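Following: one structure in structure tokens, then a few remarks.
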Amino acid sequence: QVQLVESGGGLVQAGDSLRLSCAASGRTFSLYAMGWFRQAPEKEREFVASISRAGDRTYYAPSLKGRFTISNDNAKNTVFLEMDSLKPDDTAVYYCASTHNTILLTTLSSYNYWGQGTQVTVST
């Protein structure tokens, strides 16, 4: 099994930055990619960013590219999400996910394992 634990969420002001972390443990050897999704109240869970564990492939939601940056430390089985210039509509629960799949890495259904989520709230 694989376990994912997110951290780094909190309450910030618009324009601030946050860095989220997600640590994977368990049977991580065969995982190909890790990603971030978010879900705001009364909205569907949406793709944010993903990265292959080797770090050679990255994907971003078009509306977030340029403000959000995904990176990883494969030796520690950890993925990060750097969020800059945060806006109130970035408020959501952010979920870390991982997958054995090598394709469709922006699609929710491609991911096999999920963390519990961490709340990010951006105030005006």
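Just so we're clear, the structure is a prediction, and the values are computed from it rather than from any experiment.
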Which heavy atom of [X] sits nearest a heavy atom of [Y], and at what distance?
X	Y	value
Ala40	Ala92	N-CB, 3.8 Å
Cys22	Leu4	SG-CB, 4.0 Å
Cys96	Met34	SG-CE, 4.0 Å
Leu105	Asn101	CD2-O, 3.6 Å

[X] vs [Y] side-chain heavy atoms within contact, under 4.5 Å:
X	Y	answer
Ile70	Phe80	no
Glu82	Ser17	yes
Thr69	Tyr60	yes
Tyr59	Phe47	yes
Thr99	Leu104	no
Thr91	Gln119	yes
His100	Leu31	yes
Leu20	Met83	yes

- request: Answer yes or no for Arg38 and Tyr95: cation-pi contact, defined as NZ/CZ to six-membered ring centre under 6.0 Å and angle to ring axis within 45°.
  value: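 No, a cation-pi geometry is absent between Arg38 and Tyr95.
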- request: First locate atom CG of Asn112, then atom OG of Ser98, and finally report the distance between them rounded to the nearest 0.5 Å.
  value: 7.0 Å
query: When rounded to the nearest 0.5 angstrom, what is the spacing between OG in Ser7 and CZ in Arg19?
result: 9.0 Å
message: Show, in sequence, the C-alpha distance, side-chain angles and deciding distance for Val120 and Leu11, and conclude whether the side-chain contact (heavy atoms from CB on, under 4.5 Å) test is met.
response: CA-CA 6 Å; Val120 173; Leu11 174 64; over 6 Å; no
Give a yes-or-no answer on whether the side chains of [X] and [Y] include a donor-acceptor pair shorter than 3.5 Å.
X	Y	result
Tyr32	Arg57	yes
Glu46	Gln39	no
Asp73	Thr78	no

Trace of the ring-ring contact (aromatic ring centres under 6.0 Å, His included) decision for Tyr111 with Phe37: CA-CA 10 Å; Tyr111 287 80; Phe37 293 76; 5.2 Å; yes
query: Just by distance, do the side chain of Asn72 and the backbone of Arg53 share a donor-acceptor pair under 3.5 Å?
result: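 Answer holds: yes.
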field: Residue that, paired with Leu81, satisfies side-chain contact (heavy atoms from CB on, under 4.5 Å) out of Leu18, Ile51, Val48, Thr118
entry: Val48
